[in-house]
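What follows is a short report on a single structure.
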2 protein chains.
Amino acid sequence: MVLSKACTYGILASLYMAREATRSKDYISIGRMSKELNISFHFLTKILQQLTSAGILISMKGPKGGVALKRKPEEISLVDIVVAIDGMGLFTECLLGLPGCGEEKPCPVHDDWANIRAKLFHTFRGKNLAETASRIDSMNLRLSSEFPMNI
Amino acid sequence: MVLSKACTYGILASLYMAREATRSKDYISIGRMSKELNISFHFLTKILQQLTSAGILISMKGPKGGVALKRKPEEISLVDIVVAIDGMGLFTECLLGLPGCGEEKPCPVHDDWANIRAKLFHTFRGKNLAETASRIDSMNLRLSSEFPMNI
DNA sequence: TGAAAATAAGATAAACGGGTCTCAAAATAA
DNA sequence: TTATTTTGAGACCCGTTTATCTTATTTTCA
Ligand code: SF4
Ligand code: SF4
């Protein structure tokens, strides 16, 4: 898997919060999100704690508490979430797993992989939560996995 | 990690065999490969067994035995190795891990990911063992990880 | 103040990938 | 034939990821 499960959950939750942020300024409870996104509550909690300590979210305990995006959704890119949870590995690691990959002694697939890797990075970096989340509504896309499979 | 460790080992061993195949027609012992590539012998054995049962290698027991590419190195692409070990997942799975990814109800990053995914597939498919292995020699590239690291 | 609601934190367990180990089976060569 | 060399096959171990569970801690509100 390209992204860890934790990372995809983090992205889905972030998109969910970005969509909510346009409607209210309140905190969103993790329990509610975990139900709507079909993600284990405790697992999601741990993931969002990572995003909180990474400075992407702010959290508040107690009734009316929950979690919210720290910055405006337009200012948060998908790469922020990915890096906070999975680290930079995907964008820096060698495709063939050789330690110390570099330009001087590159492996046979270096050029192609470096190209794809960069494209992946720029794609994630170029997508902010606001625009991505708005597409969910306008194009009737899905966020949760409660739909039937096809292909 | 994009490719599993087993898969990268399989690719490295295949490239090694492709390089050897141009010099002799003998079987190559897994023990020798495991030493030269710095890969655990038993683990490499298991991986190459997968390639054998996938029809990519042929094997022979006993002294002078070992393993060899079944077809000519020019006719084996990297995608053959990847699919035999890791399956088609990398080229078909959803980036966000949602089951049943598809065109009808795609997730918000579908278009970009599908594009990158396709590029990845065509890159692997377009690289055959012969050409890739020959670059190892002609450009003094590396196959094993016994070299010092440099970013 | 006290009950309830929510995150924080950490222990625990299951599943998986990576890796090791042992023994069997086959082929060679003495 | 017998010893040796090799792959084949499977059990087993270990660390990480995924997931669950339990126990604080903080906040709100009656
Ligand atoms: S493609 Fe480049 S970064 Fe990846 S393993 Fe090869 S040399 Fe290293
Ligand atoms: S990008 Fe396409 S294939 Fe990947 S999860 Fe989204 S809808 Fe599915």
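Keep in mind it's a predicted model, so treat the numbers as computed, not measured. Convention: sequence-line order gives letters A, B, ...; per-chain numbering from 1. All values below were derived from every heavy atom in this structure, side-chain atoms included, with hydrogens, water molecules and symmetry-related copies excluded.
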Between [N] ([atom2]) and [X] ([atom1]): distance, integer Å:
X      : N       : atom1 : atom2 : result
M1(A)  : dT17(D) : CE    : C1'   : 9 Å
D86(B) : dC16(C) : CG    : P     : 16 Å
I30(B) : dA25(C) : CD1   : P     : 19 Å
H42(B) : dC23(C) : NE2   : P     : 12 Å
F43(A) : dA19(D) : CZ    : C1'   : 7 Å
F41(B) : dG8(D)  : CZ    : C1'   : 10 Å

- By a strict heavy-atom criterion of less than 4.0 Å, which residues belonging to residues 47-62 of chain A are in contact with DNA chain D? M60(A), K61(A), G62(A)

- Item | E20(A) bridged to R32(A) by N-O distance under 4.0 Å | yes

- Electrostatic pair D112(B)-K119(A), nearest N-O below 4.0 angstrom: no

- Between P63(B) and K46(B), name the one whose nearest nucleotide on DNA chain D is closer to the 5' end. P63(B)

- Toward the 5' end of DNA chain D, which comes first, L44(A) or I28(B), by nearest nucleotide? I28(B)

Do the side-chain N or O atoms of [X] get closer than 4.0 angstrom to the phosphate oxygens (OP1, OP2) of [N]?
X      : N       : answer
Y9(B)  : dG19(C) : yes
K5(A)  : dA19(D) : yes
S4(A)  : dT17(D) : no
S40(B) : dT20(C) : yes

- Message: Applying the Watson-Crick and G-U wobble criteria at under 3.5 Å, what pairs with dA30(C)? Answer none if nothing qualifies.
- Response: dT1(D)

Which donor-acceptor pairs under 3.5 Å do side chains of residues 55-67 of chain B form with protein atoms, sequence neighbours excluded?
none

- Message: Students often get this wrong, so: under 4.0 angstrom with heavy atoms, is Y27(B) touching a base, only sugar-phosphate, or nothing?
- Response: nothing

- Task: Find out if a path of hydrophobic residues (ILVMFWY) with successive side-chain heavy-atom gaps under 4.5 Å connects I30(B) to Y27(B).
- Result: no

- Item | Donor-acceptor under 3.5 Å (T132(B) side chain, L129(B) main chain) | no

- Message: Between S34(B) (side chain only) and G31(B) (backbone N and O only), is there a donor and an acceptor less than 3.5 Å apart?
- Response: yes

- Message: One pair to check against side chain to side chain contact (heavy atoms under 4.5 Å, CB included): L90(A) and F121(A). What are the steps and the verdict?
- Response: CA-CA 9 Å; L90(A) 177 60; F121(A) 183 78; over 6 Å; no

